[in-house]
K.L.:
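Okay, here's the structure, questions in a sec.
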Amino acid sequence: MKSLIVIPARYASTRYPGKPLVGLKGPDGVEKSLVQRSWEAARSVSGITRVVVATDDARIRDAAEGFGAEVVMTPETCRNGTERCAAALETLGTDWDVVVNLQGDAPLTPPWFVEALVEAMATRPGAEVATPVLRCDRATLESFREDRRAGRVGGTTAVFDASGDALYFSKEVLPYTGRDFAEGELVPVFHHVGVYAYRPAALFAYSGWPEGELERWEGLEQLRFMERGVKVACVEVEARGAEFWELNNPVDVARLEAILARRGG
């Protein structure tokens, strides 16, 4: 599979302006920007042909080139990471079997999550879009609920059918369970990991569609595919002991730094 990872990075985030350049300290005390840690995560994935950072901001471009990343400049009009990946593809060409969107706020994404996506696209030639889902443990579920109680927009949950095709994604905790779970009990809630694999044709189709109503309400770009009848394959991945969280809010900086400290880098 000839595969490309695109890391979309936008400075003018509504909820968290300048997020890609926020510094995260590792256990060695060295601070690296969010986009650099995301780029390093992308570089650790096996079998990837090329990794680029896609941005519309000179500050992000300069920072990324400073740590050695290849940068593709994209229009300011891109409304989300999927549109930015499509814009990057217009510069890089379409000669790719799969394009991976590794969002710049998920530097803790284990490499095997992305490898599982690429494998799924290789073994399911009819799949147009794929994304990983991770079964929540008790602590992660409580983190979701804590964010909701505090009025924060946190992680995303996914609900999918028996074939693994997505039924819905939401910033709410779905499915509703109405109870707590004991330590070690199987939790029926899946954390959506903000990584996507696309066929180039699906990417270009997406950028030509108007924003969907559900996409606008939830703030979740993948819903545009579903609103247009394109199935999104959910690929279940295993944590293998690794902790995973995205940087959605300023409070998440401490969460991510604590995870980096626990895993040693």
Side-chain angles (χ1 to χ4, degrees), residues 1-9 20 24 32 34-54 64 67-72 80-82 84-86 88-89 92 95-125 127-136 140 155-156 158 160 164-166 169 190-200 202-203 206 220-222 225 231-248 256 259-260 263 265:
M1 296 281 283
K2 189 176 180 183
S3 52
L4 167 72
I5 291 181
V6 180
I7 303 172
L24 291 175
K32 296 179 182 179
L34 183 63
V35 68
Q36 180 173 355
R37 291 197 181 275
S38 298
W39 177 76
E40 290 175 352
R43 298 265 293 175
S44 71
V45 178
S46 298
I48 297 299
T49 310
R50 192 172 178 184
V51 177
V52 302
V53 173
F67 57 72
E70 179 183 359
V71 178
V72 177
N80 57 43
T82 299
R84 201 168 299 283
C85 286
L89 213 59
L92 299 170
D95 187 26
W96 305 95
D97 296 306
V98 61
V99 180
V100 176
N101 172 354
L102 178 61
Q103 301 191 87
D105 59 3
L108 300 181
T109 305
W112 59 89
F113 284 16
V114 182
E115 291 158 7
L117 273 193
V118 174
E119 181 180 356
M121 297 294 274
T123 57
R124 297 175 62 175
E128 296 294 320
V129 185
T131 193
V133 294
L134 177 66
R135 186 182 291 272
C136 289
T140 303
T156 298
F160 47 90
D165 291 325
F169 298 90
F190 283 83
H191 187 175
H192 172 239
V193 181
V195 183
Y196 304 95
Y198 323 94
R199 307 289 180 196
L203 259 183
Y206 181 97
L220 295 174
E221 63 204 87
Q222 68 271 34
F225 284 114
K231 291 184 177 180
V232 177
C234 291
V235 179
E236 187 173 352
V237 294
E238 295 183 356
R240 302 182 193 174
E243 297 176 86
F244 173 78
W245 198 260
E246 304 103 334
L247 200 155
N248 298 299
L256 267 66
I259 294 173
L260 287 170
R263 77 179 191 182

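Hydrogens, waters and symmetry mates are skipped; everything else that's a heavy atom, side chains included, is used.
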K.L.:
Any donor and acceptor pair, going by atom type alone, linking the side chain of D97 with main-chain N or O of K2 inside 3.5 Å?
P.N.:
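Yes.
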K.L.:
Verify the neighbour count for atom CD of E119: are there more than 12 heavy atoms of other residues, nucleotides or ligands below 6.0 Å?
P.N.:
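Atom CD in E119 is not crowded, with 12 or fewer foreign heavy atoms closer than 6.0 Å.
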K.L.:
Given 3.5 Å as the limit, does a donor-acceptor pair link the side chain of Q103 with the main chain of G194, or not?
P.N.:
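Confirmed, Q103 side chain pairs with G194 backbone.
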K.L.:
Check the pair L260 / L108 against side chain to side chain contact (heavy atoms under 4.5 Å, CB included), numbers first and verdict last.
P.N.:
CA-CA 8 Å; L260 287 170; L108 300 181; 3.7 Å; yes
K.L.:
For T109 and V114, indicate whether the former's side chain and the latter's backbone hold a donor-acceptor pair under 3.5 Å.
P.N.:
no
K.L.:
Is the F190 ring parallel, tilted or perpendicular to the F160 ring (thresholds 30°, 60°)?
P.N.:
perpendicular
K.L.:
Under 3.5 Å, side chain of W112 to main-chain N/O of E238, donor-acceptor pair present?
P.N.:
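Checked: pair present.
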K.L.:
Could you tell me which non-hydrogen atom of L102 sits nearest to which non-hydrogen atom of A106, and how far apart they are?
P.N.:
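Nearest heavy atoms, L102 then A106: CD1-O, 4.4 Å.
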K.L.:
Please report the closest heavy-atom contact between C234 and A166, naming both atoms and the distance.
P.N.:
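Taking C234 first and A166 second, the nearest heavy atoms are SG-CB, 3.8 Å.
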K.L.:
Run the salt-bridge test on R124 and D165 with the 4.0 Å N-O cut-off and return the result as yes or no.
P.N.:
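Judged by the 4.0 Å cut-off on N to carboxylate O distance, R124 and D165 do form a salt bridge.
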K.L.:
Without swapping roles, check the side chain of Y198 against the backbone of N101 for a donor-acceptor pair under 3.5 Å.
P.N.:
no
K.L.:
Check whether any side-chain heavy atom of L89 sits under 4.5 Å from a side-chain heavy atom of V6, and report yes or no.
P.N.:
no
K.L.:
Give the ring-plane orientation class for H192 versus Y196, where under 30° counts as parallel, over 60° as perpendicular and anything between as tilted.
P.N.:
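Rings of H192 and Y196: tilted, as their planes differ by 30° to 60°.
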K.L.:
Flag the pair V45 / E115 as yes when at least one side-chain heavy-atom distance between them is below 4.5 Å, and no otherwise.
P.N.:
yes
K.L.:
Is the side chain of E243 donor-acceptor paired with the backbone N or O of I259 at a distance under 3.5 Å, no angle test?
P.N.:
no
K.L.:
Check L117 against A197 and note the closest heavy-atom contact, atom names and distance.
P.N.:
CD1-N, 3.9 Å
K.L.:
Minimum heavy-atom separation for E246 and G155, please, with both atom names.
P.N.:
OE1-CA, 4.3 Å
K.L.:
On a heavy-atom basis, which atom in A202 and which in E128 lie closest, and how many Å separate them?
P.N.:
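Heavy atoms of A202 and E128 come nearest at CB-OE1, 3.7 Å.
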